[in-house]
Each structure stands twice: as C-alpha cells, then as structure tokens.
Number of protein chains: 2
Amino acid sequence: MTPRSAPTATPKAGDPAPRMRAEDRRELVLRAATRVFGERGYHGATTDAIAKAAGVSQPYVVRMFDGKEALFLEVLGRALERVSASFRQAIAELPPGASPLDRAHCIGAAYGELLSDRGLLLSLMHAFVAGADPEIGAAARSGFLQIYRLLRDEAGLSPDEVTGFLAEGMLLNTLVGLRMGLEVDDDPAAAELVQHVAPTKHALLVQLAKARTV
Amino acid sequence: MTPRSAPTATPKAGDPAPRMRAEDRRELVLRAATRVFGERGYHGATTDAIAKAAGVSQPYVVRMFDGKEALFLEVLGRALERVSASFRQAIAELPPGASPLDRAHCIGAAYGELLSDRGLLLSLMHAFVAGADPEIGAAARSGFLQIYRLLRDEAGLSPDEVTGFLAEGMLLNTLVGLRMGLEVDDDPAAAELVQHVAPTKHALLVQLAKARTV
DNA sequence: CCAGCTTGTAATCATTCGATTACCTCATAG
DNA sequence: CTATGAGGTAATCGAATGATTACAAGCTGG
C-alpha cells in the first residue's frame, strides 16, 4: 500500500501537485487538448477531460488559456504550424530535379508521419467541418488556404496537383476519424480500402483506431 | 401581401400548434435535424435548436425519436440511404459502353446534386470523424463501407478508382464544411481552389457557405 | 526569514441541455 | 354527445459543464 510516488507517468488524481514551469505545463496541456479535441471534437470535448488527460485541475486549464474556445484556437494554430513545418522540411529535402508527382509523393510521406501524432490531424478535421462557427470557421479557412498556397507556391504544384493531393489527405483523415482500422480484420472491403489509400500506413491506421485516449 | 397561409415554411414560435400526421411531422423533423446536425455536429447541435428549426417543441423531438443519439443515427441512416439511391440511379442511367472514368464522372455529378440538400453531406462528415463514439462510429464505418462496396461492385470501379472518387468527395465535403465559399470573393487562392475542385458547382458552394440555418 | 510572485487546487456558481411528467386539444367512431 | 386515442406543449428536473473566486504551497531575491 505504498501511498507515495509514481511521479513521472500517468498523473494521479486529486493529489497535491507536481511542480513545473508554466511554459512546460502549457505544452503538456496543449498536447492533451489536441488528443481530446481530436477524439471528440470541439463541442464534445470537455475542459475537464482535457485537464484529466494533462494531469491538472480543470480550472487551471480554463484560466491558462482564457477559455475553451481560445484553447481550441491555439490547438488549431499549432496543428497548422506543424503541418506547414513538416511540408516545408519535405520540400527542402527534395532532390533537385524531382517531378511534380515525385514532389507530391514525398510531401505525402511527410503528411503520413503526422498521423502518429494522435489527435493532430483529427483536430484539424474537426475544425474543417466547423466552418459555421464564427471564430473557429475563420481560423480554419485561413489555415486551409495557407496550406493550399504552400503546396502551390513553395512545392511548385499545379492547382490540379494540389487539389489531388489535398483530396487524398482528406480521405486519409476521414479513415482515421472513422477508426476504419477497427474493421480491417472483419471486413475485406475495409482492408482493401485501407490498403489502397495508405499502402505503407496500414499497420499504423489499425493501431491508431484501437488506441484509447484516457 | 396575403397574410394567410405560408403553411410550409418558417413555423411560428410558441403558438398553439399546426396539426399534422405523425409520419409527415417525422419527416419534417428529420430534415430539420439533418440541417442542424450538419451545421454544428452531433455534440454541438441541441434538440432545442432542431425543434425550433422544425417548428415543434423540444420534448416532442426527444420523445418522437427516443433521444438525441437515436435521432442522429436515423439522420445518418437516411443520409447514407439517399447517397446510395443517388449513386444507383446514376449507375442505372449510364450509357452501356461507358469507361470507368466516364462512370466515375457521372456518379460524381449525382454526388454534386446532393450538395443542394443542405446538411446531408455535412451530417455524414460529422459522423465520419466521430469514429470514437461506440454507436455512431460503428454506424458510420458500416455506412462508409457500404458506399465503398456500391462503387466497386455496382459501378464496376477498381479499388483505385473508388478511392480516387471518394477522395475527391471528401475534399468537396471539407470545402463545404469550411464554408470556403465565403472566401472566394476576397482570396484568389480560395477562388482557384473551389474552381478546381468543383468547376461546375462554384456558385452553389458560395451560396451554401452564405446560407444561415435558422 | 520573509515578502512576493508563480504554480496550482478546492469549492462553488450559473447555464445549458436532454429528458421526464403531466396535461391540453383536436379529430373521429359509436 | 362523449369516449378515446393521437398529436402536441408547458413546466420542470437533474446532471454536466465552463467559468469564477478564494485560497494553498513552493520558489527566490533581499
């Protein structure tokens, strides 16, 4: 019955407090929020669930980010930032004479890596269907267009190539959101679908689908 | 200035009651629910908003469908049904010797028509990112796979053709969800994007984006 | 040591929302 | 007429949730 310790991992409930610099704590909460928003969407996620996932109290989450909406906007901004950075890095590492198709393929690989950051792409998807919300919708549109321009101008893809790329990405995101990986063992059509959308990411999609967030 | 009638449209508030057969009322509520769920998602939509949109009282909505979740599942089922029916009709009307690309194009046109049913495709999208929910997720996965099989088996498309078709559809849905039509007047990139994703639906996307639900 | 800022929590509040209950009011059959 | 059942609402409830307030416990420089 050792009532002490367990300081590193899964944060204990109610207990006093592990101390930390505000900036680090902020990062921790943002990561937790990304996961929870990704799982349940903006309205479905509660500040309490986020707080529990981050191992802090609910009021702290609310005060630290000045409310739930501001927190979501911060999560959205971070997610867009990470996608942009990932694309830019892939572009910088492209071989000099790569064809548009090669370029799209390499950037797509970079996008695939983002899948492992649970919640990131799903938080984006939730923002993308929230266009009716004044604040979130505006931020989401702006972010989406920023990605579009990046692909067109910095990656040098034609508008048709960009839309083709984005379309594939949206389908991939949808499969993740659906947890389609849960069906691949039972339904041959699901296995075939996943195989054709993400040939190299089959296992990851299954793993993500089966993961539980807190 | 005929002050009478207008029985079909905007229902009055609080007032006694327009009478109707339960089955018709059910249809009315389902349509309203489709719009509201499409606008705000499952968690964001309230039974009260749906009731107001349908011109009935909130308890009636809840009792008629045995709760909000059952109502959403019904909306989801109807939406999938309509998509399937629309695709099947397009397939039936195909010229005999149509190439896979032609077939996909015709079915895509049918899909485009569904855009005018405000909320239908958006309710689907919201279901597609709700895979973490036990009930909704299962229904959404099943529905998505049903569409996949329809396109593969009844439309005779190859798995790659199907995924290409679905990818385009998901991007189109995302643009609708984003209300990207709001930006086409201010941002050339938005105009270009919409133009390349839905050349023939440009005006409709703008109109949908500016529409207000209730 | 202790003043003061930072990091955090417990307690609690006001709203909102889905659900329940009890009731009202038309239609129509006998 | 009136009994009966279907269509529909007003009133209200309990739980959940985002926010606020007040307070506790560490660090750190003088």
Side-chain angles (χ1 to χ4, degrees), chain A residues 4 7 10-30 32-33 36-37 39-75 126 130 133-136 214, chain B residues 7 11-30 32-33 36-37 39-75 126 130 133-136 214:
Chain A
R4 263 277 139 264
T10 46
K12 313 160 291 180
D15 273 3
R19 200 76 176 225
M20 196 175 287
R21 279 178 25 207
E23 199 182 335
D24 297 339
R25 182 71 72 191
R26 201 182 159 85
E27 211 63 37
L28 229 158
V29 173
L30 275 170
V36 177
F37 279 132
E39 289 279 322
R40 319 196 203 189
Y42 173 66
H43 291 286
T46 67
T47 55
D48 191 61
I50 293 168
K52 281 189 171 56
V56 297
S57 68
Q58 179 262 346
Y60 199 26
V61 171
V62 171
R63 215 188 31 184
M64 176 172 266
F65 291 93
D66 202 39
K68 180 179 168 180
E69 180 171 282
L71 172 55
F72 184 80
L73 290 172
E74 177 95 18
V75 165
H126 282 291
D133 181 281
E135 306 280 338
I136 297 175
V214 178
Chain B
K12 312 162 290 180
D15 275 2
R19 203 73 175 228
M20 198 175 286
R21 279 177 25 205
E23 197 181 337
D24 297 339
R25 182 70 72 188
R26 201 181 161 84
E27 211 63 37
L28 229 158
V29 173
L30 275 170
V36 177
F37 279 132
E39 289 279 323
R40 318 197 203 188
Y42 172 65
H43 291 286
T46 68
T47 54
D48 191 61
I50 293 168
K52 282 189 169 57
V56 297
S57 68
Q58 179 262 346
Y60 198 27
V61 170
V62 170
R63 216 188 30 186
M64 174 172 268
F65 291 92
D66 201 38
K68 179 180 167 178
E69 180 171 282
L71 171 56
F72 185 80
L73 289 172
E74 177 95 18
V75 164
H126 282 290
D133 181 281
E135 306 281 336
I136 297 176
V214 177

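Since the model is a prediction, treat every value here as computed from it, not as a measurement.
A straight line from NE2 of B:His43 to C1' of C:dT16 spans 16 Å, rounded to a whole angstrom. If you take CE of A:Met64 and C1' of C:dT9, they are 13 Å apart, rounded to a whole angstrom. The distance between atom CE of B:Met20 and atom C1' of C:dA27, rounded to the nearest whole Å, is 16 Å. Going from atom NZ of B:Lys68 over to atom P of C:dT20 covers 15 Å, rounded to whole Å. One interatomic measurement links the two molecules: CG of B:Asp48 to P of D:dT12, which rounds to 17 Å at whole-angstrom precision. The nearest whole Å value for the distance from the NZ atom in B:Lys52 to the P atom in D:dT9 is 11 Å. As rounded to whole Å, 15 Å separates atom C1' of D:dA6 from atom CZ of B:Arg26. Summarising the geometry, the separation between CZ on A:Arg21 and P on C:dT7 is reported as 9 Å, rounded to the nearest angstrom.
Under the 3.5 Å distance criterion, the side-chain polar atoms of A:Lys68 are matched with a main-chain donor or acceptor of A:Tyr42.
Taking 4.0 angstrom as the limit, B:Tyr60 places none of its side-chain polar atoms (N or O) nearer than this to OP1 or OP2 of D:dT9. The phosphate of C:dC17 (OP1 or OP2) has no side-chain N or O of B:Thr47 nearer than 4.0 angstrom.
Set against D:dG8, C:dT9, D:dG18, the side chain of A:Val62 has D:dG18 as its closest nucleotide. When distances run from any side-chain atom of B:Gln58 to the nucleotides D:dG26, C:dG18, D:dG18, the shortest one goes to C:dG18. For A:Pro59, the listed nucleotide lying nearest its side chain is C:dA11; candidates were C:dA11, D:dG7, D:dG18. Closest to the A:Arg19 side chain, of the nucleotides C:dT21, C:dC26, D:dA25, is D:dA25.
At a cut-off of 3.5 angstrom, counting only N and O atoms as typed in the model, there is no donor on one side facing an acceptor on the other between the side-chain of B:Arg63 and the base of D:dG7. Remark: the B:Arg25 side chain and the D:dG8 base include no donor-acceptor N/O pair separated by less than 3.5 Å.
A heavy-atom distance below 4.5 Å is found between the side chains of A:Glu69 and A:Asp133. When side chains are defined from C-beta on, A:Arg25 counts as touching A:Pro18, because their heavy atoms get closer than 4.5 Å.
Nucleic acid contact for A:Thr46: sugar-phosphate only, since backbone atoms but no base atoms lie under 4.0 Å from a heavy atom of the residue. No engagement by A:Ala51 is indicated, since no non-hydrogen atom pair under 4.0 Å with the nucleic acid exists.
No more than 12 heavy atoms of other residues, nucleotides or ligands shown are found within 6.0 angstrom of CG on B:Asp66.
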Verify salt bridge (charged side-chain N to carboxylate O under 4.0 Å, His left out) between B:Glu27 and B:Arg21, making sure each step is shown before the conclusion.
CA-CA 10 Å; B:Glu27 211 63 37; B:Arg21 279 177 25 205; over 6 Å; no
